[in-house]
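I have placed the structure first, in the form of structure tokens, so that the comments after it can refer back to it.
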Amino acid sequence: MADINAIAKSFVDFYYSTFDRNRAELAPLYKEFSMMSFEGQQFRGADIVEKLQSLPFQRVQHQVVTVDAQPSNPQAGPLLVTVTGRLLVDDEQNPQHFSQTFQLVPEGTSYFVFNDIFRLNYGF
Amino acid sequence: MSGNAQFNSLLSSALSASFQPQPAQSPFAVSAAAQPPAAAAARTAGPAGGRGPSGFRAAVAAAANDRDRRGPADRVHDRLGPRTAGDGRDSRDARDARDSRDSRDSRDSRGRRERHGAPGGGRDDRRPVVTFEDRDGDLSMGSDSARAAGRERRSGTPYGRRPPAHQHGQPGGNQDGPRPQLALRTAVLVRNVDPATPMADLVKFITNKARSPVAISEARWLQQPKAIIVELKDADQARAVRELSGIFFSGVKLEIQYTTSRQTSPDASAAENDVSMSTSAAPQTGQLDKLRALVRSRYVPEARRLDFDRIQEDPFVRQERLRVFDHSNPTSKIGQVLCKLFQEICPELETLSLAGNRLRTLDHFSTLHERIPNLVNLSLQDNLLSSFRDLEPLRGKELRLLREFVLIGNPVREREVTKAGGEIKYTSNIKRMFPSIQILDMQPMIEEIQFNVMAASAKLPVSVKPGFMDSDSTASMAQQFLQMFYTLFDSNRAGLEDLYTDTAIFTLSINQTRLSSGKSGTFQGEPRRNERTFEAWFPFNRNLERLKQADKRVSMAHIGPKDIIATFGQIPGTRHPLTDPPERRRFLVEAFPGVAPSNYIHITVHGEFTEVATSEKRSFDRTFILVPAAPGSRAARMNLPCAIANDAWIVRYYTGNYAWSDIDKDQEAQPPMAPQPLPASLIGTVSPTVLQLPAPPMAGATPATQQWPQLPDPMTLEQYRIQNGLHEQQHAMVIEFAKATGLNYAFSLMCLREMSWSFEAAGQAFLQAKGNIPPEAFQL
């Protein structure tokens, strides 16, 4: 198994670049029993990407500032990934801070997102 | 590598990790203390009487050269940070410094007649005498001219501020230009004089030692310590005294330089600044190199700090007769040149001290905002700025990241704050000019002013919802856990040891992105490495975005309770606003039970705390993974239901709780769903609200919730199954058991597991324990 830190980093890079390009392409990362808590609203399975696609902006740009990762279970492979950063949507002039936590679960040779907790922290 | 092996390697690597905690420090502790701590160190560490009280820079330069005499000063130098070995300019500076020392030392030790024998002296012979004389501006002096023909003058004249190596390295030659105010040079400033010395002794000493007869017309103490101004009859005599610089008096090396006479400049301190008169509007090449060397010698790269304070007192400046701030020449371009040098030499400069430079205007620094746009801390302490207008050239609004600003000791501040109500007015005036600052004159700005910026707050693209809790039992568990955790975390971190499992992992990362006040529509204000505000936190920063070395990535994770508690001991003290009423919404908590292969509770907390040492407010995000306390574990012995397996903490600039502070309004619009409110307590923002789950997608299916309120909808149930890694059959048993007993899924599962999946045994256990089962076991 590769270095978990490298996995976390490449996941994060992939996730946000995909998000910024076309968030519909994130669908394969989520399984039917994946959960997302987005600003406190809960979504699961296919609803997650549907929710992401329905977010009321056309363009978005994420800038990742911190990434941290921990194996979240010593016996198996789940991975806890915490991210903070900033994002800009559409013509919004002020970046907003966000905090996002992922629980990645290995499946075969890859990982999927089991939990995804997203919060804006406001920036002004 | 299997997950387990991976983990073990992580564990072993982490155990060998060690950290050097760094104390939190205001970047301007330096100027507040009126002198660089390093200078103080050099002072105490320097050889007795060897380098003089203000010989810090000299000590540093000497350390670079006295290779066979490495001593305490070297260590001071080392503390300043490594000089780049491969930097040719650096080594040339060092050579210059050495040569200048050598020429002085040789004079001191061998007498003036031998000066020409000093290393490098021979090079002077290649120079036309007239050039040399002209450079020193001594052409009018007949007696000097005569001496100039003599060999001793040519090699290492005592006040030949340019040691031979300089000439060698700077073919530009005549850089300083004429010094028209030479006629005024009938006074010298003598430094490092023991204040207890009777003036007469010094006068006698000088008279005896001067190479030609001198008549001291007046000698007086200056206000600054250890300095005396000596007035001579004429420039020739002044030169004779000036040449004594470096001589030992009462065991201390005197430093003597020209100053202007009292008659023309009664302000002795100001006069002292006019040491070397240069009328050139911009420094020429040779001077540029000296300025470059000066800036480099004052830069502390690892701290991104440039201590450009009291620059005229710098021995190098005095020795080179550099005129850094040309107060007499308003059209001087030197400030702009300096700004450019700052940019060139200190591209990552964040902390700049210009203290004690007798600046009357900041015109010199009108390009600072372009050159050093990321400046965070700026000290102008102890200058002569007398009005707000004097600050305008700085363009404070363009210094978007400026956080701290010091004006203490300037007439403008001292005058304004003594007026009635002056401090508030002063503060708001400064704030208007420097909108981004958070600390003014060592005091944090009061919040009200700080938050004026919020008027421009962004609109969120999504509506804000309260924290998500999958159920009340999770909520109350999270709440109890957090209450205990943070109480201990603030007061007695060692007491948290039992809360962590043996293989628990703790990591901390620092997000140094400032509140954006940058260019619109961009991420201006790039995330900053090494932000000084978080200095004390840096040894613990495990940000994979920044941390590239694999071994570091591993060693920065703290594994096991001992390592974690030891790390906690080094992390700055915190105060979480635990006692604030829930309405203040200091925290937002999201919690839910989680996934296979074992049960856990995932808690993510967003909130704020105050750093005890600095009183800085900070925001944080922290995620915990709690697992059931293993039987016999420390947590179990403490009667704790769960233990921390993961603790991932992100500390960042204070952003307040505005992202969720209006949750109340959202909640009012919703029908009350919480079966019972959670007790109001510190985790006031734990939302008691169970969010409405999506309607069961299977049309026609009877919602389980109607008949068995403790069970969720089938979709959620399926999720529980996956989370707990159950077969369909086990899953069916759990649901069956839940329906029979009224227990919820989690407790039903627990009961069945403990009874090895015997439905019957589980039923008996349930009946026996019924009275002791907590109420949340019967709730969704």
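We use all heavy atoms of the structure for the numbers below, so side chains are in, but hydrogens, waters and symmetry mates are not. Order of the sequence lines sets the chain letters (A, B, ...), proteins ahead of strands, with each chain counted from 1.
Taking NZ from K9(A) and CG from L544(B), the interatomic distance works out to 8.5 Å, rounded to the nearest 0.5 Å. With values rounded to the nearest 0.5 angstrom, E590(B) atom CD is found 8.0 Å from E39(A) atom CD. The structure places NE2 of H602(B) at 11.0 Å from CZ of F114(A), a figure rounded to the nearest 0.5 Å.
Of the atoms belonging to D647(B), it is backbone heavy atoms, and not side-chain ones, that fall under 4.5 Å from chain A. With a 4.5 angstrom heavy-atom cutoff, A69(A) touches chain B via backbone and side-chain atoms both. For T604(B), the part lying under 4.5 angstrom from a heavy atom of chain A is the side chain only. Using a 4.5 Å cut-off between heavy atoms, T101(A) touches chain B through its side chain atoms alone.
Minimum interatomic distance between N543(B) and V65(A) (heavy atoms only, all atoms of both residues): ND2-O, 2.7 Å. Counting all heavy atoms, side chain and backbone alike, G85(A) lies closest to N511(B) at N-ND2, 4.0 Å. Considering all non-hydrogen atoms of both residues, P71(A) and N646(B) come closest at O-ND2, 3.0 Å.
Chosen from V12(A), I117(A), D90(A), V60(A), the residue pairing most often with chain B at heavy-atom distances under 4.5 Å is I117(A).
With no hydrogens or angles considered, no side-chain donor-acceptor pair links T82(A) and T623(B) at under 3.5 Å.
Applying the side-chain contact (heavy atoms from CB on, under 4.5 Å) test between E545(B) and each of V67(A), V83(A), T66(A) identifies V67(A) as the sole match.
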Quiz item: Going through the distances and angles, do D621(B) and T84(A) end up as a side chain to side chain contact (heavy atoms under 4.5 Å, CB included)?
Solution: CA-CA 9 Å; D621(B) 312 291; T84(A) 59; 3.3 Å; yes
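Considering only heavy atoms from C-beta on, N5(A) comes within 4.5 Å of R542(B) through its side chain.
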